[in-house]
Amino acid sequence: MRRGTLLALAALAAGAMLHNGAADAASAEKGKAAFVQHGCWQCHGFQGQGANTGPKLAPDPIPIEPFTAFVRTTDRSMPPYTEAVLSNEELADIHAYLQSIPKPADYKSLPLLNQ
């Protein structure tokens with residue numbers, strides 16, 4: 001019985017590692033293309049900076065799990081994007097794109113603003 005439990009735990013851990021590996025394999029380049037193709041930019045801006053119609057998504061997007069859950073089900077503030085419209089791979093790529101967007105420069109580093 002103990003050996004079976006250990007094997008089950010090992011299988012669970014391996015599955016978790018594979019799942020995380022899939023998220024790590026996401027492509028920011030493909031994500032940028034999907035962000036534009038699926039019209040995300042129309043409400044969130046081309047760099048996820050937010051606008052009157054959609055909140056700021058980048059830099060530092062929420063973790064992939066709540067991001068995916070919201071995009072799939074939403075709170076009616078935007079239409080839900082089912083897997084038939086936006087695949088899990090595309091969604092992971094979009095998240096990778098949002099993560100790749102650098103933070104803006106600190107205003108204190110801008111000489112003109114420090115005069």
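Given the structure is predicted, the values throughout are model-derived calculations rather than measurements.
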### Heavy-atom closest pair, residues T53 and C43
OG1-CA, 3.2 Å

### Task
Could you give me the CA-CA distance, side-chain angles and deciding distance for L86 and I94, then say whether side chain to side chain contact (heavy atoms under 4.5 Å, CB included) is met?
CA-CA 10 Å; L86 182 64; I94 288 171; 4.0 Å; yes

### Message
Using modelled atom types and a 3.5 Å cut-off, is there a donor and acceptor pairing between side-chain atoms of Q99 and backbone atoms of Y97?
### Response
no

### Query
What residues, two or more places apart in sequence or in another chain, satisfy ring-ring contact (aromatic ring centres under 6.0 Å, His included) together with Y81?
none

### A26 versus A92, closest heavy-atom pair with distance
CB-O, 3.4 Å

### Task
Hey, could you give me each pair passing side chain to side chain donor-acceptor pair (under 3.5 Å) that has a residue in residues 104-115? Not counting sequence neighbours.
none

### Message
Please enumerate all residues that pass side-chain hydrogen bond (donor to acceptor under 3.5 Å, both in side chains) together with N52, with sequence neighbours excluded.
### Response
none

### Message
Counting C-beta onward and ignoring hydrogens, is there a side-chain heavy-atom pair between F35 and D93 closer than 4.5 Å?
### Response
no

### Task
Mind jotting down which residue pairs meet the side chain to side chain donor-acceptor pair (under 3.5 Å) criterion with at least one end in residues 35-46? Sequence neighbours excluded, please.
H38-E90

### Query
Looking only at heavy atoms, which two atoms of L91 and I64 are closest? And how far apart?
O-CD1, 4.4 Å

### Query
Which pairs count as side chain to side chain donor-acceptor pair (under 3.5 Å) when at least one residue sits in residues 70-79, sequence neighbours excluded?
R72-N88, D75-S77

### Message
side chain to side chain contact (heavy atoms under 4.5 Å, CB included), that's the test. Do M78 and F70 meet it? Break it down for me.
### Response
CA-CA 10 Å; M78 71 177 227; F70 183 81; 4.0 Å; yes

#### Entry: Spacing of S27 atom OG and E89 atom CD [to the nearest 0.5 Å]
9.0 Å

### Query
Is any side-chain heavy atom of P104 less than 4.5 Å from a side-chain heavy atom of P59?
yes

### Message
Going by salt bridge (Lys or Arg N to Asp or Glu O under 4.0 Å), name the pairs with one or both residues in residues 35-62, residues two or more places apart or in two chains.
### Response
D60-K103

